[in-house]
Amino acid sequence: MKTSVVLLAAGLGTRMKSSLPKVLHPIAGKPMIWHILEAVKTIANEKPVVVIGHGAEQVSQFLEGKAEMIRQEPLLGTAHAVIQAESHVKGKTDLVLVCYADMPLLRAETFQHLMDVQQKNKGPMTILTVISHDPRGFGRILRKQDKSVQAIVEETAASSEQLSIKELNVGCYCFNSEWLWGALHRIQKNAEKGEYYLTDIVGLAVADNLPVQAVTLEDSQEAIGINSRVHLAEVEAAMRSRINHAHMVNGVTLVDPASTYVDTGVMIGEDTTILPNTFLQGEVRIGKNCVIGPNTLIKDSIIEAECSILASVLEGARVEEHVHIGPFARLRKGAHLMAGVHMGNFGEVKESTLGPGVKMGHFSYVGDAKIGAETNIGAGTITCNFDGERKHETTIGENAFIGSDTMLVAPLKIGDRARTGAGAVVTKNVPPDTLVVGMPARAIKKLIGDTGIRTESTK
Ligand code: UD1
Ligand code: CA
């Protein structure tokens, strides 16, 4: 059977108290609505239809290319919202799955199960329910003596006896498509709220003697919907533990999962250990046998195997295998550390490549630079890459030795095996095998190889 998916996301989300539309608030690094779109991916035969209204401009910007968007205006309730999708969906598929877009923990398996039950149902719809002691304003499921579903009653309309019912309406339904559209148009406006309630459709089916099936969630956590920032934090924590659990199952050691914050989509290799208070955000890939953290933030970066990164911040960086970073290092956009690099405390690297085996042990700034293999960057070295107007590049050859506290005034080229004396301010290119000292630095001798043996005086 073919299935269409309709997600409702037009509501105001008043209780979020935010200028950002509710469904765009991030959960594990992705907008709330991304998660449900991901979960329905495998079950939808057509592009999902999302009903938008409040904050439509921002929401549609995010949804562009990911879903069909339909504008609901004015917002007259959940049944009215589904009706807006009619012209897009009617006649295309056998089943229509309708779900509210503020429940990012619902799993693909749950949607599949709901559809499987509806396929076998002689009646027109199957609803998803949850047993919970925390009713949170959810509609209550009324059942007849024979336990079949009778109706959904909204909390505001429920009697005190009905309020004690523990079976709740999650807000996810699978309909027979042919029946759905006719029934929607029969729903009466709720006199009190002036809205058309989708939940009233259950009573309509029952009145027509058509059986309504129910699927009850095994994991009640999946039903956590977000109405406020308190729920947002709850869902974030639940999503975090779900993500962390998957990494541990895949062979990653998380010393303290509760303080390990890994965004959805992050990849981590086997036998890597993540220490507490570590944040892996955005597009991050980490190889095997690494040790990351504690107190580390890595965003949009690739880390290859056998690396260690301690108490550092990396963003937009690429780190090859066997690299050791930190504590207290900062890698910014375009930082590329090749195999075997050692970058110690208080270093900053931006838009630069550190060749294989480069050592940069202590408080240096390297920006817009290329550094050849095995070169040593002494403590306090700075690439002076900005002249107040433009950025300039620094190129350093292989096996060079940059002395402590060297200022490299870019644009600048330092040759292979060249050396600079401590405190040198280098303003002119340095040929290979040359030692320069002073301020501004002047060449004082020609060197052979990297041994520093004097061959001729340059003065
Ligand atoms: C709804 C259900 C309730 C259920 C609960 C689960 C109804 C009448 N009630 O209540 O039984 O237990 O969800 O969370 O359906 N929306 C629109 N257009 C509208 C109104 C709402 O698109 O005109 C969207 C909202 O963006 C939201 C969803 O529909 O994603 C649910 O609306 P909301 O106002 O949150 O309904 P609840 O009062 O929570
Ligand atoms: Ca809600």
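Note that ligands are numbered from 1 as they come in the structure, with each ligand's atoms numbered from 1 the same way.
Atoms of ligand 1 lying under 4.0 Å from any heavy atom of Gly77, numbered from 1 in the order shown and given with element: 18 (N), 19 (C), 20 (C), 23 (O). Listed by number with element, the atoms of ligand 1 under 4.0 angstrom from any heavy atom of Val170 are 6 (C), 14 (O). Here is the list of ligand 1 atoms found below 4.0 Å of a heavy atom in Ala81: 17 (C), 18 (N), 22 (O). When each atom of ligand 1 is checked for a heavy atom of Gly139 under 4.0 Å away, the hits are 3 (C), 4 (C), 11 (O), 12 (O). Per-residue contacts place Ala101 under 4.0 angstrom from the following atoms of ligand 1 (heavy atoms of the residue considered): 30 (O). Listed by atom number, the atoms of ligand 1 under 4.0 Å from Tyr197 heavy atoms are 8 (C). Interface of Ala9 with ligand 1, defined as ligand atoms under 4.0 Å from a residue heavy atom, comprises 22 (O), 26 (O). Near Leu76, the atoms of ligand 1 lying under 4.0 angstrom from a non-hydrogen atom of the residue are 23 (O).
The distance criterion of under 3.5 Å between nitrogen or oxygen atoms is not met by Lys22 with respect to ligand 1. At a 3.5 angstrom cut-off on N or O pairs, Leu8 counts as close to ligand 1. Polar contact check, Asn169 against ligand 1: a nitrogen or oxygen pair lies under 3.5 Å apart. Geometrically, ligand 1 and Gly171 share no nitrogen or oxygen pair separated by less than 3.5 Å. Every N/O-N/O distance between Thr199 and ligand 1 stays at or above 3.5 Å. In terms of N/O distances under 3.5 Å, ligand 1 is not approached by Tyr173.
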Can you check salt bridge (Lys or Arg N to Asp or Glu O under 4.0 Å) on Glu315 and Lys333, steps first, answer last?
-> CA-CA 6 Å; Glu315 188 170 348; Lys333 192 167 147 289; over 6 Å; no
So Lys144 and Asp146, salt bridge (Lys or Arg N to Asp or Glu O under 4.0 Å) or not? Walk me through it.
-> CA-CA 5 Å; Lys144 297 185 199 163; Asp146 66 359; 5.6 Å; no
Go through the steps for Glu304 and Arg285 under the test salt bridge (Lys or Arg N to Asp or Glu O under 4.0 Å), then give the verdict.
-> CA-CA 8 Å; Glu304 293 183 15; Arg285 243 165 50 209; over 6 Å; no
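With a 6.0 Å radius and a threshold of 12 heavy atoms from other residues, nucleotides or ligands, Lys166 has its NZ atom above the threshold. Around atom NE2 of His362, no more than 12 heavy atoms belonging to other residues, nucleotides or ligands sit under 6.0 Å away. The number of heavy-atom neighbours closer than 6.0 Å to NE2 of His113, taken from other residues, nucleotides and ligands shown, is 12 or below. Counting heavy-atom neighbours within 6.0 Å of Glu86 CD, excluding the residue itself, gives a total above 12.
Proximity of Met239 to Thr264: side-chain heavy atoms (C-beta onward) are nowhere separated by under 4.5 Å. With contacts defined as side-chain heavy-atom distances shorter than 4.5 Å, the pair Asn169/Phe138 does not qualify.
The shortest heavy-atom distance from Leu168 to ligand 1 is not under 4.0 Å.
Nearest to atom 11 (O) of ligand 1 by heavy-atom distance, out of Glu154, Glu73, Gln84, is Glu154. With atom 32 (O) of ligand 1 as the reference point, the heavy atom nearest to it among Ile52, Val6, Thr78 is part of Thr78.
Counting heavy atoms closer than 4.0 Å to ligand 1, residue His80 contributes nothing at all. Of all the heavy atoms of Leu75, the ones lying under 4.0 Å from any atom of ligand 1 are found in both the backbone and the side chain. Contact annotation for Gln72 and ligand 1: only side-chain heavy atoms (C-beta onward) come within less than 4.0 Å of the ligand.
In this structure, His25 NE2 and His231 NE2 are separated by 14.0 Å, a value rounded to the nearest 0.5 Å.
Salt-bridge annotation for Arg143 and Glu167: present, with a side-chain N of the basic residue lying under 4.0 Å from a carboxylate O of the acidic one.
In this structure, Phe346 and Phe363 have tilted ring planes: the angle between them lies in the 30° to 60° band.
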